[in-house]
Amino acid sequence: MKFFIDTANLDQIREMQALGIIDGVTTNPTLLSREGREPKEQLKKICKIVEGPISAEVIGLKTEKMVEEARELSTLAPNIVIKIPMTKEGIKAVKILENEGIKTNVTLVFSQNQVLIAAKAGASYISPFIGRLMDNGQNEIDMIRESMVIIKAYNFKSEIIVASVRNSRHVIESAKSGAHIATIPFAVLEKMFKHPNTDKGLNAFLSDWEKLQTKLRK
Ligand code: E4P
């Protein structure tokens, strides 16, 4: 299973990249605006830190505009993937861009029907937003499972990126369902490393070791 980091913050990306567990990055207009920098320059910097796919989203709503923006964004770096919203206009853009060899990530996906459409259009990646479904009182775990069932049933080339991840349980459910990728916020990645018994156990080992050293010195 691949881990992407869901942020446009360079420090967060560098920190997780240094641990060797990051395979890609997803950004969106909100995440980029949070950084307050020129978006294209920020994206270029991100592409230099992580070799894997870096998602950058188009703003246009019409197919033509999306395709134009996507072509421009794809010149920033070879690992740029274009995020396209799950609309009729977006789906037309996906088909055009994938035919040109530009990889797309269909975003703002909230239903299994939308997964099926995006897969049929030939998207390289599809991002179901499970946290926002959960916020809405809908079953986000079924969304992950059934997305994978659909992709596997027809051997679609699209990879599922479980997005809008809110907690470490979401990552476990994604892994159990065989999701190709989870895009995980920095704070959730940090929590995934930790367990109170690890710290407690380590302290006990070190203290017992110290006791032995003191005894041997006598
Ligand atoms: C990733 O591709 C999405 O943009 C992101 O996961 C959305 O997360 P949010 O629902 O926390 O904004």
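Since the structure is predicted, the reported quantities are computational estimates derived from the model, not experimental observations. Indexing begins at 1, ligand by ligand and atom by atom, following the structure's order.
If you check which protein heavy atom lies closest to atom 11 (O) of ligand 1, you get R166 NH1, 2.8 Å. The protein heavy-atom contact nearest to atom 12 (O) of ligand 1 is R132 NH2, 2.7 Å. Closest protein heavy atom to atom 5 (C) of ligand 1: D6 OD2, 3.0 Å. Atom 8 (O) of ligand 1 has as its closest protein heavy atom S164 CA, 3.4 Å. Scanning the protein for heavy atoms near atom 3 (C) of ligand 1, the closest one is F129 CZ, 3.4 Å.
Listed for the Q42 side chain is no donor-acceptor partner under 3.5 Å among the backbone atoms of L32. Remark: the backbone N or O of G52 is paired with a side-chain donor or acceptor of N79 at under 3.5 angstrom. E38 places a side-chain N or O within donor-acceptor distance of the main-chain N or O of K40, the cut-off being under 3.5 Å.
With respect to D135 and R166, a salt bridge is recorded, a charged nitrogen being found less than 4.0 Å from a carboxylate O. Here K157 pairs with E98 in a salt bridge; the nearest charged N to carboxylate O distance falls below 4.0 Å.
Using a 4.0 Å heavy-atom cutoff, E57 is absent from the residues neighbouring ligand 1. For the pair T107 and ligand 1, no heavy-atom separation below 4.0 Å is found.
Taking a 6.0 Å sphere around CD of E51, one finds it holds 12 or fewer heavy atoms contributed by other residues, nucleotides or ligands.
Considering backbone and side-chain atoms together, N28 places an N or O closer than 3.5 Å to an N or O of ligand 1. For ligand 1, the polar-atom distance check finds an N/O of K83 within less than 3.5 Å of one of the ligand's N/O atoms.
Put simply, the residue from K45, K44, R37 that forms a salt bridge (Lys or Arg N to Asp or Glu O under 4.0 Å) with E41 is K44.
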